[in-house]
Structure formats: C-alpha cells, structure tokens
A.B. asks: 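Let me give you the structure first, and then I'll get to my questions.
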Amino acid sequence: MKLLKHTLITVFIFTCGFLCGAYRQDIMRMTRTLFRPTVTVLMSTYNRGTIVSPAIESILNQSFTDFEFIIIDDGSTDHTADVIQSYADKDNRIIFLKNETNKGLIYSLNRGLDKARGTYIARMDDDDLSLPWRLSRQVAVMDAHPELIVLGAYITGDKTHVDPPQTPPLFENPDRVEIQSYANSALAHPTIIIRRDFLNKHGIRYKSDNLYAEDVGLYADVLNAGGKISQLTEPLLRLGVVKNLKRPNKYYDIQFQTFIKIQQEKLKPLLTLPKELAGPSLNKKDRCRFWFMMRDANKNKNVVNQKALEQLITERCPSSMFLENSLLTKHPYWEDFLIRENEKRLIRFSSQDAATIINETPDTLTLKWDNYGIETFKKDKNNLVFTNKK
C-alpha cells in the first residue's frame, strides 16, 4: 500500500513537472513534505570546492536511496557553493543550506539537525567516501535493534580494497563500546547514524563548548540519557581520502583539552584520573592501567557493566601481577606487551609469539623470535622500541 501511494504521487509529480514547468520547484518542495525520508545525511563543508565532489557522489551513489542529503556550506569564500548547487540542481534529494559567514562545524551541524526530517541521521565529512552499501547496512541494524541510538562502523584506508559484504551485519557489544568511550572517542564521527527522535526527545545537540571534540560530547549526552552506542564490525567509510589537508597544532591542542574536560565529567561518579592517564592518546600499557582503575572503582558503583569491563581487560591487558614487569613494545607492525616468562624467554601477550633473549644490555635487547628471526629493540624504562631487524 505504501509503495502504491508513493508510485501514484511520483507519477503525479513528474506529470506536473512537464506540464507546469514554472511551478516545478514548488512541486519539489511539496514532495519533500509528503515523503519523510528514512535517512537524513548531514554534511558541512568549508572552502572545499576542489575536493568535495567525491564525498557528495559517494552518498548519491548509495544502494539505499530513501534519504535526503543536507549539505551546509559554512560561509565558503571559494567556489564550494557553486559545486554544491550544481549537484542540487540535478538531484532533488539534496537540501543546500548556506551560512552567510563561517560559523564553525558545531553551529552548522546543529542547523542541519534542526532541518532534518529523517528517522535516522547519518553523518558525513567532506573529505571521506562512504562505501556504496553503508546506509543499507546501518539502516538494517537500526531497524532491527531499537535499543541502539548511535551506530558507527569501522573505517578503512583510501587504497584498501573492500568487497561488498555477503553476510548479515554484526555490531559490537554496546556495554563494551560505552567502556571504551571513557578512554577515546569510541566511534568515528563521520561513520555514525543516529535516531533523530531520541535527540529531539532529550534535547541533545552538539555543544558549543565541546570544540573539536563535539562528537565525544554527543555520545556522552546520549549515554547519560540512557541510550546505547555501538559500531558495526566492518568498514563502511574510507577516511581522509583527500591528502594534504593539514590542521594547525592549535586545533589538536584544543581538541585534546576538550576531550579531557568531557572525560573528567564522565568519570566523576567513578574516580579522579591521574593527569598522566588523561586524554585519548594513551599507549596500550597506560590504557590498561586506566581500565584497571575503572574496574576497581566500578565494583561497588556499577556505573558501567562490570562483566563487560572485566572481559575487556582479560582480552586486552595482562594481569596486574604481570603488568608491572611487562615491557610495552612498539614494533612497525604491532604494539603489545612482552611478558618475561623467565630470565631468557619473553612471550607476547596478545598472540602465541615467543622469543629468546640472546643479548641484553642496559640500553638494548636483542631477541630471536621462534618464528621470525632476530630483532633488536632499544630500552626506554619499561618500553621497548624496535630499532632494526637482522
């Protein structure tokens, strides 16, 4: 019945388009009112006239077609607006909004959220590419799991080949993703899809004081309102496919401080985090220390799912007994703990690899791996840094 209704309305619209050309734009506006799209794709851009086309086309070429595409030009001074308008003229799913001056990403995204009509809102960035099946995979999971409020996905590099998926989509345990959100952003912002009604019901928008970490603040607000966040265990986005887009160091300094502010607010019911463990860029060893502290503080408070937290620690971290004597090792292909089995043997925590110490000085450690050969590492306190392979 719904399909028949849409078909009849579509025939009427196209007939009027040909017979009443002078009123075609008015008719298209009526169409948008009649059809409430399943998804609103939301993207803001600024001075990206030379690079924004691939991002736009990656959305327009989605296998899932029931969407509107809100694109905000944030006061560009180049020809970005002309590029967007050229696409809007050809595809009536595009809603083109323009800020008269540069207002910033947070303002622009909130403007888009207020304009959105979709059941779900999917974020997109102007220098990334969504894989053709992205929306269909995310919508399928959101339709089947109403408890999920925000759903992200893995990301892939610009040159990595990704085959179309042949199996149903799977997503991570939301309790586990919530725990991870205390130590990093948890979800890549341009991969997420969100339930619009939940945001509106709880008055959730991007906050102006969460500069350059607005996504982290949004996830925190969703969790505080009782929502669940997760991500698909497959890549759906090619991240940063446009090269040489450098940001000033000040950007990352502000982002780091904003993250710490949000992190401290989230951790208030649990613990006060030592300064050296604050921030999103912890190495594996410090991240394990962070989770050990969370585990101990959460035992009697149950702020997060204790079972999920302990399972995460079991999979990712050595026991506290081994942690003090383990060596965090940075290798060109991996980062892991090396645990001393005895004076001459080391084992990797996250794999079956083991090595024999064939030479050790105060500054270096030379290992012969059972399966790979000889490698030398430089010592830095309890850390090992790969130097060469013999």
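A quick note: this is a predicted structure, and the numbers were derived from the prediction, not measured. Count residues from 1 along the sequence.
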A.B. asks: For side-chain contact (heavy atoms from CB on, under 4.5 Å), just list the numbers for Ile72 and Met43, CA-CA rounded to whole Å, side-chain angles, deciding distance to a tenth of an Å, and then say yes or no.
C.D. replies: CA-CA 6 Å; Ile72 302 109; Met43 184 178 83; over 6 Å; no
A.B. asks: Does Arg348 qualify as a cation-pi partner of Trp334, given the criterion of NZ or CZ under 6.0 Å from the six-membered ring centre and within 45 degrees of its axis?
C.D. replies: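 Satisfied, under 6.0 Å and within 45°.
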A.B. asks: What residues form a side-chain contact (heavy atoms from CB on, under 4.5 Å) with Phe349, not counting sequence neighbours?
C.D. replies: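 By the side-chain contact (heavy atoms from CB on, under 4.5 Å) rule, Phe349 matches Pro318, Asp336, Phe337, Ile339.
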A.B. asks: How long is the gap from CD1 on Ile56 to CD1 on Ile94, to the nearest 0.5 Å?
C.D. replies: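 Rounded to the nearest 0.5 Å, the CD1-CD1 separation comes out at 6.0 Å.
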A.B. asks: When you compare the side chains of Gln138 and Arg134, does any donor N or O come within less than 3.5 Å of an acceptor on the partner?
C.D. replies: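 The answer is yes; a qualifying pair exists.
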A.B. asks: Return the set of residues passing side-chain contact (heavy atoms from CB on, under 4.5 Å) with Lys330 (not counting sequence neighbours), or none when no residue passes.
C.D. replies: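 Applying side-chain contact (heavy atoms from CB on, under 4.5 Å) to Lys330 gives Glu335.
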A.B. asks: Quick one: do Asp74 and Lys98 make a salt bridge, cutoff under 4.0 Å?
C.D. replies: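 Looking at Lys98 together with Asp74, the answer is no, because their closest N to O distance does not fall below 4.0 Å.
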A.B. asks: Do the numbers put Lys90 on top of the ring of Tyr87, so that NZ or CZ is under 6.0 Å from the six-membered ring centre and no more than 45° off the axis?
C.D. replies: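 Yes; both conditions hold, so Lys90 lies above the ring face of Tyr87.
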A.B. asks: Ignoring hydrogens and geometry beyond distance, is a side-chain donor-acceptor pair present between Thr77 and Asn47 at under 3.5 Å?
C.D. replies: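 Yes, Asn47 and Thr77 have a side-chain donor paired with an acceptor closer than 3.5 Å.
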A.B. asks: Salt-bridge test for Asp197 and Arg195: reply yes if a basic N is under 4.0 Å from a carboxylate O, no otherwise.
C.D. replies: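 No.
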A.B. asks: What residue pairs, at least two apart or across chains, pass side-chain hydrogen bond (donor to acceptor under 3.5 Å, both in side chains) with a residue in residues 142-152?
C.D. replies: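 Qualifying pairs: Tyr120-Asp143, His145-Glu147.
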A.B. asks: In plain terms, say whether Lys228 and Asp175 are close enough for a salt bridge, that is, a side-chain N and a carboxylate O under 4.0 Å apart.
C.D. replies: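 So Lys228 pairs with Asp175 through a salt bridge.
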A.B. asks: Going by side-chain contact (heavy atoms from CB on, under 4.5 Å), name the residues that satisfy it together with Asp209, two or more places apart in sequence or in a different chain.
C.D. replies: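 Asp209 satisfies side-chain contact (heavy atoms from CB on, under 4.5 Å) with Lys207, Lys261 once adjacent residues are dropped.
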A.B. asks: Scan side-chain atoms only and decide if Thr361 and Asp363 contain a donor-acceptor pair under the 3.5 Å cut-off.
C.D. replies: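 Asp363 and Thr361 do not have a side-chain donor-acceptor pair below 3.5 Å.
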A.B. asks: For Arg345 and Thr356, test the side chains for any donor-to-acceptor distance below 3.5 angstrom and give the result as yes or no.
C.D. replies: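 Side-chain D/A pair, Arg345 to Thr356: present.
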A.B. asks: For the residue pair Gln85 / Asp89, report whether a side-chain donor-acceptor contact shorter than 3.5 Å exists.
C.D. replies: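 Per modelled atom types, Asp89 and Gln85 side chains form a pair under 3.5 Å.
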A.B. asks: Between the side chains of Asn184 and Arg287, does any donor sit under 3.5 Å from an acceptor?
C.D. replies: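 Note: Asn184 and Arg287 side chains miss the donor-acceptor criterion.
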A.B. asks: Without placing hydrogens or testing angles, list every side-chain donor-acceptor pair under 3.5 Å for residues 264-277, not counting sequence neighbours.
C.D. replies:
from   : atom 1 : to     : atom 2 : distance (Å)
Lys266 : NZ     : Ser181 : OG     : 3.3

A.B. asks: Can you sort out the partners of Glu234 under salt bridge (Lys or Arg N to Asp or Glu O under 4.0 Å), two or more places apart, ordered by chain and number?
C.D. replies: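 Salt bridge (Lys or Arg N to Asp or Glu O under 4.0 Å) check on Glu234 returns Arg137.
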A.B. asks: Using the rule given for salt bridge (charged side-chain N to carboxylate O under 4.0 Å, His left out), can you reason through Glu375 versus Lys368, listing the C-alpha separation, both sets of side-chain angles and the distance that settles it, and then say yes or no?
C.D. replies: CA-CA 6 Å; Glu375 293 182 331; Lys368 185 180 185 307; over 6 Å; no
A.B. asks: Is a side-chain donor-acceptor pair under 3.5 Å present for Asn200 with Arg205?
C.D. replies: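 Per modelled atom types, Arg205 and Asn200 side chains form a pair under 3.5 Å.
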A.B. asks: May I ask you to decide whether Lys378 forms a salt bridge with Asp380, counting only side-chain N to carboxylate O separations under 4.0 Å?
C.D. replies: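 Result for this pair is no, no salt bridge flagged.
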